[in-house]
Amino acid sequence: MNEASSKQTLIRTVCIQGGIVIDPGHVNGRADVLIKNGKIVEVGYPLKQSIIQDATAVILDASGWIVAPGLVDLHCHLREPGFEYKETIATGSASAVAGGFTSICCMPNTQPVNDNQAITHFMLTKGQEAGKARVFPIGAITKNSDGEELANIGELVGAGCVAISDDGRPVMNSLVMRRALEYAKAFGVPVVDHCEDLHLTDGGCMNEGVVSTELGMPGIPDASEEVMVARNLALADLTGVHVHLAHLSTARSVELVRHAKSQGLPVSAEVCPHHFSISEEAVRGYQANAKMNPPLRTNEDMLALKQGLVDGTIDVIATDHAPHAVQEKQLEFDSAPFGIVGFETALPLTLQLVHDGVLSLEQALDKLTRAPAQLFHLPVGSLSPGSLADVVIFAPEEEWVVDPEQFQSKSRNTPFGGMSVKGKVKMTLVDGRLVYDAR
Amino acid sequence: MGLKGKDLLTITDLSVEEIELILTTAESLKEVGGRDIKKVPALRGKTVVNLFFEPSTRTRTSFELAAKRLSADVINFSPSTSSVVKGETLIDTARNIEAMQADIIVLRHSSPGAAEHLARFVQSSVINAGDGWHEHPTQALLDLYTIKERKGKVEGLTIVIVGDVAHSRVARSNIAVLTKLGAEVRVVAPPTMLPLFVERLGARVFYRFEDALIGADAIMMLRLQRERLGRALPPSMREYAKLFCLTSERLKLAKPEAIVMHPGPLNRGIEISPAVADSPAAVILDQVTNGVSVRMALMYLLSGAA
């Protein structure tokens with residue numbers, strides 16, 4: 001962010017008028033939002049402070065729309081450094097704000113891996129230069145994510161990492177994971193695990209079940225995720241350290257976490273929109289855009305994930321935005337890389353839960369704002385006076401068709417292309433600046 | 001009259017009428033192989049490309065013979081001698097072949113769904129000659145032809161498929177077509193070689209070979225893929241052969257006129273004893289003969305010459 005624009009932030013007054021403000025846990029109703037110097041000053045209707053005399057004030061009309069804290073994503077892949085052909089921090093950041101996300105936590109499976117402060121600094125700098133979504137790097141658990149020696153976690157946290165994770169390459173050795181948890185205790189950051197037993201996965205590329213049997217595809221059994229969920233819960237119990245379980249996908253995983261929480265274990269869990277929106281049936285036709293890890297599962301699993309969101313077993317919704325180039329996803333299914341983009345479809349897919357009566361709008365937004373911010377101790381996710389003015393304004397009922405060619409992301413790998421969805425982001429603000437405008 | 005689609009990708013997608021059509025056409029083309037001059041001009045001037053990414057002698061030869069007997073021009077393309085080694089994708093390889101005006105591409109590939117994937121990108125007719133573990137539709141068609149030739153019908157027969165069903169495209173295609181036509185299909189293998197939910201494919205599961213053989217009309221032996229030994233799959237060939245080799249003693253448990261089938265190549269002494277392989281019950285060589293006729297029928301029907 002350059003001198004001139006930061007001066008503008010300091011000077012500028014922004015008033016969001018006419019919308020319905022949902023600040024989960026605090027406000028839910030007709031209200032205006034007053035922003036000064038990049039911070040929320042007041043939320044209410046009518047506003048107590050007058051802006052009539054302020055000639056430089058920017059008025060944003062949000063009539064008919066929802067005004068919420070900018071969305072917070074605890075899990076994404078920005079591919080830089082090393083895989084810039086798939087996405088860069090700049091394009092990822094632009095894609096994020098197009099989807100309403102103002103804070104994004106990016107995983108360390110870059111090249112080189114983010115296992116040292118130089119890479120962390122690089123990511124932070126690139127994020128600031130892009131000037132759109134706030135980028136919060138997540139550091140590696142082990143050196144080069146090899147799963148053997150602990151990375152310099154203290155250095156990573158000191159450099160700005162908000163969590164550590166093995167996402168991309170799970171830590172198979174439980175002793176290493178135990179030491180990682182114990183060591184991380186000193187730095188107060190959550191440890192995020194991608195729960196997968198690579199031995200059980202055994203080259204699988206979709207859920208192991210009826211569909212994989214029919215399609216003749218090697219499958220990833222439920223158990224591959226569940227044995228590691230169970231392992232991580234046991235280690236959370238042993239060490240007392242906060243373990244955050246990434247992208248849960250099976251019913252039994254949800255059950256295990258539910259039980260662990262009832263025992264008071266320090267565990268949190270996330271779910272990705274695709275896992276509660278489509279099932280393994282989407283793989284039929286060998287569409288590589290339906291290939292991700294963990295894979296799409298069964299209807300029973302989808303129901304359990306939704307129930308987990310309802311009863312709080314699952315704390316947050318995250319995107320696991322994982323861009324891949326067109327030619328990579330055009331390969332035969334078993335050769336194509338795992339992953340789909342997610343920033344620009346997460347909100348409408350989540351709103352479908354609201355349309356289906358699974359969650360209220362406030363509950364759904366909570367999973368994308370207050371809850372993730374709180375879990376990772378991020379100073380965002382709220383519209384309370386004094387908060388950073390990160391805001392998303394969206395039309396909850398507006399129908400549109402997902403067109404991957406229109407994505408802000410460099411990549412197009414989504415199974416939702418052509419799907420008609422409801423809920424469109426209209427404006428996104430970071431530090432009170434309009435970083436995305438779709439009016 | 002011809003087939004509905006431009007391709008033959010799976011047997012699951014073929015209707016009973018289409019299957020009948022292929023078999024009747026195969027029957028009328030079968031006598032070509034018995035002539036002095038084994039040729040008909042049906043596909044004269046057409047180009048058939050065998051695109052085989054996995055090693056194969058018999059299937060490729062069978063397709064090549066079938067195309068040549070129909071007077072087509074045949075090109076064999078195998079990746080070790082080609083641009084795939086240079087990193088070219090399947091789609092680009094195929095499009096290059098299509099640009100040379102190939103009418104029919106016969107594809108064998110190790111990825112399930114490869115034929116379907118390919119067919120989306122080319123205008124040529126694509127015949128799936130085996131895509132990973134998924135399907136081998138022409139094998140199932142020639143197996144079906146052979147069973148009908150010997151038994152007159154398929155409906156009501158008890159057919160036993162033995163071996164590594166989980167990794168077998170021959171098994172998947174056969175289970176699909178035989179259940180579709182009303183046979184009772186039994187699969188027998190160690191549990192590690194049966195995919196989850198195999199019953200949902202329509203087969204009855206057995207772990208003991210002897211139990212499955214009682215009352216069988218046809219026994220289809222699958223090749224034990226030695227490359228899978230050890231890694232939690234059959235602990236050894238000895239153990240596998242002890243439990244699952246079709247010997248003359250075991251064959252007696254089946255119906256007296258039961259036939260023995262095998263897609264080849266045989267592992268004599270492992271899944272089938274030499275005595276059984278060389279007995280009158282074995283129709284293995286008939287399968288090979290019928291394979292050429294069935295493939296001729298298929299290419300004839302797909303080429304629009306029909």
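Labels below follow one simple rule: chain letters A, B, ... track the order of the sequence lines, proteins then strands, and each chain is numbered from 1. Just so you know, these numbers use all the heavy atoms, side chains as well, and skip hydrogens, waters and symmetry mates. This one's a predicted model, so the numbers in the text were calculated from it and none came from an experiment.
- Residues B/Ser111 and A/Asp334 meet the side-chain proximity criterion, which asks for heavy atoms closer than 4.5 Å.
- No donor-acceptor pair closer than 3.5 Å links the side chain of B/Arg200 to the backbone N or O of A/Val211.
- Among A/Ala288, A/Cys205, A/Ser335, A/Pro218, the residue making the largest number of heavy-atom pairs under 4.5 Å with chain B is A/Pro218.
- Listed here is the closest heavy atom pair of B/Leu196 and A/Glu208: CG-OE2, 3.4 Å.
- By the 4.5 Å heavy-atom criterion applied to side chains, B/Phe197 and A/Glu214 are not counted as neighbours.
- Only the backbone of B/Ser110 has a heavy atom closer than 4.5 Å to any heavy atom of chain A.
- The two residues B/His117 and A/Gln330 make their nearest non-hydrogen contact at NE2-O, 2.6 Å.
- Contact of B/Arg120 with chain A is made through the side chain alone, with heavy-atom distances under 4.5 Å.
- With a threshold of 4.5 angstrom between heavy atoms, A/Gln327 does not approach chain B through any atom at all.
- Summarising the local packing, CZ of A/Arg252 is surrounded by 12 or fewer heavy atoms from other residues, nucleotides or ligands at distances under 6.0 Å.
- Atom CD of B/Gln123 is surrounded by 12 or fewer heavy atoms from other residues, nucleotides or ligands within 6.0 Å.
- Summarising the geometry, atom CD1 belonging to B/Ile91 is positioned 6.5 Å from atom CD belonging to A/Glu332; distances are rounded to the nearest 0.5 Å.
- For the atom pair NE2 (B/His134) and OG (A/Ser212), the distance works out to 11.5 Å, reported to the nearest 0.5 Å.
- Comparing B/Ala176, B/Gly113, B/Ala114 by heavy-atom pairs within less than 4.5 Å of chain A, the highest count is held by B/Gly113.
- Within the model, atoms OH of A/Tyr286 and CD of B/Glu116 stand 6.5 Å from one another, a figure rounded to the nearest 0.5 Å.
- Proximity to chain B is absent for every atom of A/Pro221, based on heavy atoms less than 4.5 angstrom apart.
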